[in-house]
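For reference, the structure discussed in these notes is given below.
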There are 2 protein chains.
Amino acid sequence: MSKKQLILETAAQLFATKGIDATSVQQITDACGISKGAFYLSFKSKDELIISIIDYFVKDVATRIDQSVNEGKSPEQKLYNYYYQIFSIIQEHITLASVFFKEHTQFLSEELIQKMALYDTMMNKLIENLLLELYPQSAQHIYDLAIIIKGFISGYSEHMFQKANAYPYDLQALSKSLVEKTTIIATHAKTPFITKEMITLHSTEEALITLENILQEANILHSYLDDGLLQDSVTIITEQLQSSQPRAAIMHGMLANLQTNPVCNWFCYLVKKHIEN
Amino acid sequence: MSKKQLILETAAQLFATKGIDATSVQQITDACGISKGAFYLSFKSKDELIISIIDYFVKDVATRIDQSVNEGKSPEQKLYNYYYQIFSIIQEHITLASVFFKEHTQFLSEELIQKMALYDTMMNKLIENLLLELYPQSAQHIYDLAIIIKGFISGYSEHMFQKANAYPYDLQALSKSLVEKTTIIATHAKTPFITKEMITLHSTEEALITLENILQEANILHSYLDDGLLQDSVTIITEQLQSSQPRAAIMHGMLANLQTNPVCNWFCYLVKKHIEN
DNA sequence: TTGACAACTGACTGATTAGTCATTAGTATA
DNA sequence: TATACTAATGACTAATCAGTCAGTTGTCAA
């Protein structure tokens with residue numbers, strides 16, 4: 001393997017595990033067993049390396065997909081090959097792809113990752129309950145449907161990103177069209193792909209609505225407020241929640257106070273859900 | 001607005017336009033009209049700020065979606081509200097979202113962006129031709145179908161990322177299942193969303209297969225090779241392409257030489273397409 | 001063996017940036 | 001007005017890192 005290719009592939013590996021900005025040229029050359037100077041004989045700059053890596057993998061992907069599709073005997077088999085080849089490539093480059101397609105993961109703290117997982121679970125539950133309600137006869141499809149719905153959103157939102165300046169999207173028409181498509185799939189699909197074993201055990205939504213978490217959220221909210229009245233309202237809510245007999249009228253009033261400021265929405269939402277239970 | 005909230009929202013704006021790493025604390029405080037010290041009275045570190053921003057927006061999104069779904073009178077309307085609310089949020093935070101969901105855009109050179117657009121066009125054309133072949137009766141749906149296919153891929157691949165360690169995916173079953181779902185939508189969908197005016201004019205695939213571009217690719221490939229025989233093969237191909245009468249036997253032999261090394265795939269692919277025309 | 005040339009090295013430079021802290025400005029109270 | 005306290009400042013430090021270049025090593029032809 002040429003030195004240039006060695007650097008490129010080693011760097012791709014490091015970028016995939018540590019992130020791009022967190023990987024210094026020194027670390028790349030160390031991993032290659034060469035000096036820093038040698039690096040600059042192959043690439044003019046770190047930027048050029050990054051661009052080369054992207055270019056390198058995009059070419060590989062494009063070639064393989066095109067070839068694979070052309071090998072299909074029938075149109076249907078071509079479509080099959082297209083899907084199959086793309087997922088094979090993703091599986092092969094899974095770590096690298098995850099960095100280039102969602103670079104942000106690197107600096108998420110362990111705590112935030114857990115929190116995000118909770119939010120995600122919450123949203124999944126929401127959509128799954130909705131699907132069960134809508135298509136009770138397609139219960140075995142709801143995990144596939146949930147993924148497909150997310151896929152719809154991702155596909156059309158990426159299209160929105162690209163056209164951000166051109167046309168204002170007619171969101172009502174889009175939403176209507178996606179409801180139609182969701183229903184079509186729910187009523188006609190035969191073979192679900194996601195099986196029960198493949199589903200992560202859901203961490204319960206309740207983890208978000210513990211007294212402990214609400215008190216923590218109260219602290220966070222407090223630090224965002226500068227209005228003394230609102231700050232006191234938050235404090236009073238925490239006092240009431242911790243007392244043996246929270247008084248409904250006080251809670252109601254305090255929530256009314258907070259509802260004037262959108263920053264408080266999340267906190268109010270949690271408190272209300274907590275009261276309901 | 002409290003100082004903390006001011007910093008958070010200003011920083012979110014700056015991150016959205018310049019990227020996270022490229023935005024220094026100094027720039028944030030300048031934009032807020034406060035000193036650097038004041039920043040550290042509100043946030044312990046830049047990392048805490050980043051985490052707070054994510055947390056802040058995730059909470060906002062989760063609250064709004066949940067509320068909006070609950071307002072739906074029927075299950076179907078709830079699904080509609082779900083789609084509608086998500087797209088509204090995306091449209092509202094479009095720049096911020098694009099940074100957090102695909103941070104890499106910041107360091108892409110203008111040249112590479114154009115190249116990527118070409119690759120993208122190439123892949124779109126591939127899938128659009130395929131769809132026309134498969135569903136000639138659904139011609140007015142192919143742009144929606146192309147987006148949906150990308151959405152399927154994005155949805156299931158994200159699921160793969162999460163389960164990377166758990167189960168090896170059965171890619172054949174997945175591909176089969178997606179062919180089925182694609183066909184279901186193609187045959188049953190009534191109202192396309194993407195209209196003709198919304199489609200960007202395609203830059204032609206030919207831009208990739210010009211002699212000029214192939215010569216440039218020859219240079220790139222050359223720099224990745226250390227085997228003299230392969231390097232010479234590349235050189236000979238460029239000579240032949242520039243001569244008035246390229247000799248088929250030579251081209252064929254040189255391509256055979258190169259085909260032994262996967263690094264040459266893309267170059268071979270371009271040269272073959274060029275010869276075909 | 002010598003000389004010429006290319007490949008390679010790693011200490012060094014200059015620029016940038018996160019985070020600190022001694023000092024100052026502002027404000028409320030007595 | 002004097003005092004006490006908090007909020008805010010910005011020059012400074014320490015660390016990192018991309019990129020350079022004077023010098024070294026390896027190679028091959030004469």
Side-chain angles (χ1 to χ4, degrees), chain A residues 1-8 10-15 17-54 99 103-104 106-109 112 222-229 231-232, chain B residues 1-12 14-15 17-54 99 103-104 106-109 112 222-229 231-232:
Chain A
M1 199 190 297
S2 70
K3 191 138 289 176
K4 190 169 183 179
Q5 203 185 341
L6 170 72
I7 294 172
L8 190 145
T10 309
Q13 271 301 319
L14 287 175
F15 287 163
T17 49
K18 313 182 35 162
I20 295 172
D21 285 285
T23 305
S24 66
V25 173
Q26 188 71 61
Q27 288 169 319
I28 295 168
T29 54
D30 285 354
C32 290
I34 60 170
S35 72
K36 214 173 165 186
F39 173 91
Y40 285 94
L41 294 175
S42 288
F43 295 95
K44 277 214 292 289
S45 66
K46 192 186 177 183
D47 266 13
E48 196 192 272
L49 168 67
I50 295 167
I51 289 171
S52 298
I53 289 177
I54 297 174
V99 164
E103 160 87 348
H104 57 289
Q106 64 194 86
F107 50 79
L108 295 178
S109 71
L112 193 70
H222 201 276
S223 72
Y224 280 106
L225 297 172
D226 50 1
D227 180 336
L229 190 129
Q231 289 181 328
D232 280 352
Chain B
M1 197 191 297
S2 69
K3 190 139 290 175
K4 191 169 181 178
Q5 203 184 338
L6 170 70
I7 295 171
L8 191 144
E9 295 194 359
T10 309
L14 286 175
F15 287 164
T17 48
K18 312 181 36 160
I20 295 171
D21 285 285
T23 305
S24 68
V25 173
Q26 189 70 60
Q27 288 170 318
I28 295 169
T29 55
D30 286 354
C32 291
I34 62 171
S35 71
K36 213 172 166 187
F39 173 91
Y40 287 94
L41 293 175
S42 288
F43 296 94
K44 279 214 291 290
S45 64
K46 190 185 177 184
D47 266 13
E48 197 192 270
L49 169 66
I50 295 168
I51 289 171
S52 298
I53 290 177
I54 297 175
V99 163
E103 159 86 347
H104 56 288
Q106 64 192 87
F107 50 78
L108 295 178
S109 71
L112 193 70
H222 201 276
S223 71
Y224 281 107
L225 297 173
D226 49 1
D227 180 336
L229 189 129
Q231 289 181 328
D232 281 352

task: Determine whether the side chains of A/Lys3 and A/Ser42 contain a donor N or O and an acceptor N or O closer than 3.5 Å.
output: no

query: Which pairs count as salt bridge (Lys or Arg N to Asp or Glu O under 4.0 Å) when at least one residue sits in residues 25-40 of chain B, sequence neighbours excluded?
result: none

message: Expressed as a whole number of angstroms, how long is the span from B/Ile34:CD1 to D/dT9:P?
response: 7 Å

- request: Would you kindly give the CD-to-P distance between B/Glu48 and C/dG19, to the nearest whole Å?
  value: 10 Å

message: In whole Å, I'd like the distance from the CG atom of A/Asp30 to the C1' atom of C/dT9.
response: 13 Å

Atom pairs under 3.5 Å: protein N/O with N/O of nucleotides 4-7 of chain D:
none

query: Considering residues at least two apart in sequence or located in another chain, which fulfil the side-chain hydrogen bond (donor to acceptor under 3.5 Å, both in side chains) criterion with A/Ser45?
result: none

message: My understanding is that only residues two or more places apart in sequence, or in another chain, count here; which of them pass side-chain contact (heavy atoms from CB on, under 4.5 Å) with A/Ser24?
response: A/Gln26, A/Gln27

field: A/Asp227: side-chain contact (heavy atoms from CB on, under 4.5 Å) partners, not counting sequence neighbours
entry: A/Leu229, A/Leu230

query: Residues in ring pair (Phe, Tyr, Trp, His ring centres under 6.0 Å) with B/Tyr40, at least two apart?
result: none

query: What residues form a side-chain contact (heavy atoms from CB on, under 4.5 Å) with A/Leu41, not counting sequence neighbours?
result: none

field: Partner set under side-chain hydrogen bond (donor to acceptor under 3.5 Å, both in side chains) for B/Ser35, not counting sequence neighbours
entry: none

Pull out every protein N or O sitting under 3.5 Å from an N or O of nucleotides 13-21 of chain D, one pair per line with the distance.
| residue | atom | partner | partner atom | Å |
| --- | --- | --- | --- | --- |
| D/dA18 | OP1 | A/Lys46 | NZ | 3.0 |
| D/dA18 | OP2 | A/Val25 | N | 3.0 |
| D/dA18 | N7 | A/Lys36 | NZ | 2.8 |
| D/dG19 | OP2 | A/Tyr40 | OH | 3.2 |
| D/dG19 | OP2 | A/Lys46 | N | 2.8 |
| D/dG19 | N7 | A/Lys36 | NZ | 3.0 |
| D/dG19 | O6 | A/Lys36 | NZ | 2.8 |

Would you tabulate the nitrogen or oxygen pairs shorter than 3.5 Å linking the protein to nucleotides 23-28 of chain D?
none

Pairing residues for A/Ser52 by the side-chain contact (heavy atoms from CB on, under 4.5 Å) criterion, not counting sequence neighbours: A/Leu8, A/Phe43, A/Glu48, B/Tyr224

message: Can you list everything that forms a salt bridge (charged side-chain N to carboxylate O under 4.0 Å, His left out) with B/Glu9? Sequence neighbours excluded, please.
response: none

